[in-house]
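Here the structure is laid out as C-alpha cells; the discussion comes afterwards.
Note on naming: letters A, B, ... go to the chains in the order of the sequence lines (proteins, then strands), and numbering restarts at 1 for each one. Treat the numbers as computed from the prediction; the structure is a model and nothing was measured.
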Number of protein chains: 2
Amino acid sequence: MMKHTVVVVDDHNLLSQAIGGLVDSFENFKVLYTCRNGKELIKRLDHPDDVPELVLMDVNMPILNGIETTEYLKKNFPRIKVLALSIEEDEAVILKMLRAGARGYLLKDVKKIELYNALLEVLEKGFYHTNTVTKILVDSLTEDKEKETQLKDREIEFIRLACTEKTYKEIADIMHLSPKTIEGYRNNIFEKLHLRNRTGLVIYAIKNKIFIP
Amino acid sequence: MMKHTVVVVDDHNLLSQAIGGLVDSFENFKVLYTCRNGKELIKRLDHPDDVPELVLMDVNMPILNGIETTEYLKKNFPRIKVLALSIEEDEAVILKMLRAGARGYLLKDVKKIELYNALLEVLEKGFYHTNTVTKILVDSLTEDKEKETQLKDREIEFIRLACTEKTYKEIADIMHLSPKTIEGYRNNIFEKLHLRNRTGLVIYAIKNKIFIP
DNA sequence: TAAAAAAAAGGGGAAAATCCTTTAACCATA
DNA sequence: TATGGTTAAAGGATTTTCCCCTTTTTTTTA
C-alpha cells in the first residue's frame with residue numbers, strides 16, 4: 001500500500017519532531033522530512049522525490065513565514081496541499097493563511113485523532129476546517145469584516161491620546177473636535193474591537209503597537 | 001598646561017563620539033578614550049596611564065551598566081569622579097546612580113556650556129547638580145520616598161487586575177475585598193506614583209513590567 | 001445635482017471612576 | 001493596657017465614562 005507523503009515545516013524543533021512522530025504513527029501516512037522554514041522547504045522541492053502530497057506548515061517562522069511560503073506553493077506547486085498549523089488564533093492571521101491557499105488551519109494543541117481526520121479530509125475533500133475557523137470564514141464573507149475593522153487615521157490619533165492620562169474632553173480639545181464626536185470615535189472603536197472600556201483600548205493599542213509606552 | 005583627563009563610557013557609538021568631541025573641544029579637557037560598557041572600562045583601568053580624573057558614564061549599558069560600574073569605581077578607584085549621563089529621567093534610577101557614587105547627573109540632551117560647567121564643577125567642588133536633580137535628592141531625604149513608594153504585594157496584585165477590562169467592583173470580588181477598599185488601594189497607588197487615573201496606571205504597569213500585555 | 005455615506009455634534013441618563021473624610025478592626029509593643 | 005501603625009471599609013459628593021438614540025453638517029458618489 002502506498003502511504004501518503006507529508007512534510008512538516010516548523011522552526012520549533014521539538015514541536016516538529018512531535019508532530020512528525022504523530023504523523024508517522026498513522027499507518028497510511030509517512031513523513032518525508034522536516035524543515036525549519038519556508039526557504040528550506042522550497043530548496044528541497046527542487047528534487048522531485050522530495051515533493052510531498054501534503055505540507056503541515058507553521059505560520060510563524062523566521063526567514064520565510066507560513067503565509068509567504070504557502071503563496072509560493074500555490075503558484076509553483078499547486079498540487080501540494082497545505083495544512084496550516086499554528087498557535088495563533090488571530091482572525092486576521094487565519095484569514096491571510098487561508099487566502100494564501102491553505103486547505104485548513106489547525107491549532108498546535110490539536111488532538112491526535114483530529115490531526116488524523118484533518119490529514120485525511122484535506123487529501124480526500126480538499127479542505128478541513130474546524131467550527132471556529134469556519135465561523136471566522138463565514139463572518140469575513142458576510143460582513144466585510146476586515147474593511148470595517150480597519151482603523152482610520154483619525155481613530156488611530158485618538159487611540160494614541162486615549163493612552164495617556166487625558167480625559168476625553170481634553171482629547172477633544174487637542175483634536176479640535178467636540179467631546180461628543182470623541183465619544184462617537186470611542187464607541188465605534190469599542191464596537192469594532194469588541195472592547196468594554198478605555199483600559200481595554202489601552203491594552204489593545206499597546207499589543208498592536210499603535211501606542212508604544 | 002595639564003589638561004584634565006576624561007573617559008566616555010557609552011554603548012551608543014554615535015553619542016559617545018559626539019560627547020567625546022565636545023569634551024575635546026574644551027581647551028582644558030582631553031578625552032583619553034571611550035568604552036562601550038563598564039567591563040571594558042574596568043579592564044582598561046589596569047593600566048595606570050588609562051586612569052582618568054573623570055568618567056562620563058552612561059546609565060543604560062549592556063554587560064555592566066552605569067550603576068554597577070560606578071559602584072565598582074567608588075570601591076576600587078575612589079579618586080575617579082563619575083558624572084552620570086542618561087536619557088532616563090526616572091527618579092529611582094537617578095537616585096540609584098547618585099547613591100552608587102556619581103557626582104552629578106546630566107541628561108543626554110545637555111547643552112555644550114552646561115556640560116562644560118558640570119565638568120569643571122565636579123572637579124572643583126566635587127559635585128554638580130541641576131535644579132531638577134537637586135529637588136529629587138531633597139525630596140528623597142525629606143520623606144523617605146523609596147520606602148513609601150514601594151508597592152506592596154497586594155497592590156501589585158490589584159494593579160495587574162486593573163490592567164484588564166474589569167471594573168473595580170469585579171476586581172474587589174476577585175480579591176475578596178470591598179469595592180471601597182479597592183478604591184483605597186487605587187488612591188494610595190495614584191498618590192505614590194503621581195497618577196491621575198486608571199489609564200496612567202496601566203501605562204505605568206506596562207512600562208515597569210508589572211503587567212506584560 | 002440629488003442621494004448616500006461619513007463625520008461631527010448633541011441630549012439625557014446610568015454606571016463607573018475619582019476624591020475626600022471618617023470609622024472599624026487588628027496587631028505589635030512599649 | 002494604652003498607643004500607634006497598618007489594613008480594611010464606608011459614606012457622600014463630583015466628575016468622567018459609557019451607552020442609547022437623534023440631528024446636523026460635510027464629503028463622496030452615483
Side-chain angles (χ1 to χ4, degrees), chain A residues 141-208 210-211 213, chain B residues 142-207 210-211 213:
Chain A
L141 293 177
T142 51
E143 43 176 342
D144 232 62
K145 233 180 183 178
E146 303 144 82
K147 214 185 164 185
E148 284 183 9
T149 300
Q150 202 80 37
L151 292 168
K152 291 162 216 159
D153 285 358
R154 214 80 218 278
E155 286 176 335
I156 300 266
E157 203 182 328
F158 160 74
I159 292 176
R160 297 221 168 93
L161 288 165
C163 290
T164 68
E165 292 195 318
K166 294 182 209 323
T167 65
Y168 290 131
K169 203 178 304 202
E170 289 168 338
I171 293 174
D173 279 348
I174 293 171
M175 292 182 71
H176 301 294
L177 290 170
S178 143
K180 277 296 180 180
T181 307
I182 290 297
E183 278 193 35
Y185 277 41
R186 181 201 55 205
N187 291 339
N188 287 335
I189 292 170
F190 279 5
E191 195 175 4
K192 277 189 199 179
L193 307 177
H194 309 290
L195 300 173
R196 236 179 115 185
N197 52 40
R198 189 162 164 179
T199 303
L201 179 58
V202 172
I203 300 293
Y204 177 91
I206 291 170
K207 266 190 183 163
N208 293 276
I210 292 170
F211 176 78
Chain B
T142 50
E143 43 176 340
D144 230 62
K145 236 182 181 174
E146 306 143 78
K147 219 188 161 183
E148 284 182 8
T149 299
Q150 202 79 37
L151 291 168
K152 289 162 219 162
D153 286 357
R154 214 81 218 279
E155 287 176 334
I156 300 266
E157 202 183 328
F158 160 74
I159 291 178
R160 297 220 168 94
L161 288 166
C163 290
T164 69
E165 292 195 318
K166 292 183 212 320
T167 65
Y168 289 132
K169 203 178 302 199
E170 289 168 339
I171 293 174
D173 280 348
I174 292 171
M175 292 183 70
H176 302 294
L177 289 171
S178 144
K180 280 297 183 179
T181 308
I182 290 297
E183 279 191 34
Y185 277 43
R186 182 202 55 204
N187 292 339
N188 286 336
I189 293 171
F190 279 5
E191 195 175 2
K192 277 188 199 179
L193 307 178
H194 309 291
L195 300 173
R196 238 181 112 182
N197 53 38
R198 189 161 163 179
T199 302
L201 179 58
V202 172
I203 301 292
Y204 177 91
I206 291 170
K207 265 189 185 162
I210 292 170
F211 175 77

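One can place CZ of A/Arg154 at 15 Å from C1' of D/dT27, the figure rounded to the nearest angstrom. Computed from coordinates, the B/Leu201 CG to C/dA16 P distance equals 19 Å when rounded to whole Å. Regarding B/Tyr185, its OH atom lies at a distance of 17 Å from the P atom of C/dT18, rounded to whole Å. For the pair A/Glu191 CD and C/dA6 P, the computed distance is 14 Å after rounding to whole Å. Residue A/Asn197 contributes atom CG, which lies 11 Å from atom P of C/dT18 at whole-angstrom precision. Rounded to whole Å, the distance from CZ on A/Phe158 to C1' on C/dA7 is 15 Å. Separating the CG atom of B/Leu161 from the C1' atom of C/dA17 is a distance of 17 Å, rounded to the nearest angstrom. At whole-Å resolution of the value, CD in B/Glu165 and C1' in C/dA15 are 16 Å apart.
Residues B/Tyr185 and B/Arg154 approach most closely at OH-CG, 3.3 Å, considering heavy atoms. When all heavy atoms of B/Leu201 and B/Ala162 are compared, the closest pair comes out as CD2-CB, 4.0 Å.
In this structure, B/Tyr168 reaches the C/dT18 phosphate: one of its side-chain N or O atoms is under 4.0 Å from OP1 or OP2. For C/dA8, the OP1/OP2 oxygens have no side-chain nitrogen or oxygen of A/Thr181 closer than 4.0 Å.
No side-chain donor-acceptor contact under 3.5 Å links B/Asn187 to the backbone of B/Phe190.
Of the candidates C/dA8, D/dT16, C/dT18, C/dT18 carries the atom nearest the B/Arg198 side chain, counting heavy atoms from C-beta on. Between D/dA9, D/dC19, D/dT17, one nucleotide has an atom nearer to the side chain of A/Asn187 than all others, and that is D/dC19. Side-chain proximity of A/Glu183 to D/dC18, D/dT17, C/dA8: nearest is D/dC18. For A/Arg186, whose side chain is taken as the heavy atoms from C-beta onward, the closest listed nucleotide among D/dA8, D/dT17, D/dT7 is D/dT17. Residue A/Phe190 has its side chain nearest to D/dC19 when only C/dT18, D/dC19, D/dA9 are considered.
Along DNA chain D, the nucleotide nearest A/Lys180 and the nucleotide nearest B/Ser178 are compared for position; the residue whose nucleotide lies closer to the 5' end is B/Ser178.
Within the nucleic acid shown, A/Arg196 comes within 4.0 Å of sugar-phosphate atoms alone, with no base atom in reach, counting heavy atoms only.
Considering only heavy atoms from C-beta on, B/Leu161 stays 4.5 Å or farther from B/Glu170 through its side chain.
Around atom CD of A/Glu191, no more than 12 heavy atoms belonging to other residues, nucleotides or ligands sit under 6.0 Å away.
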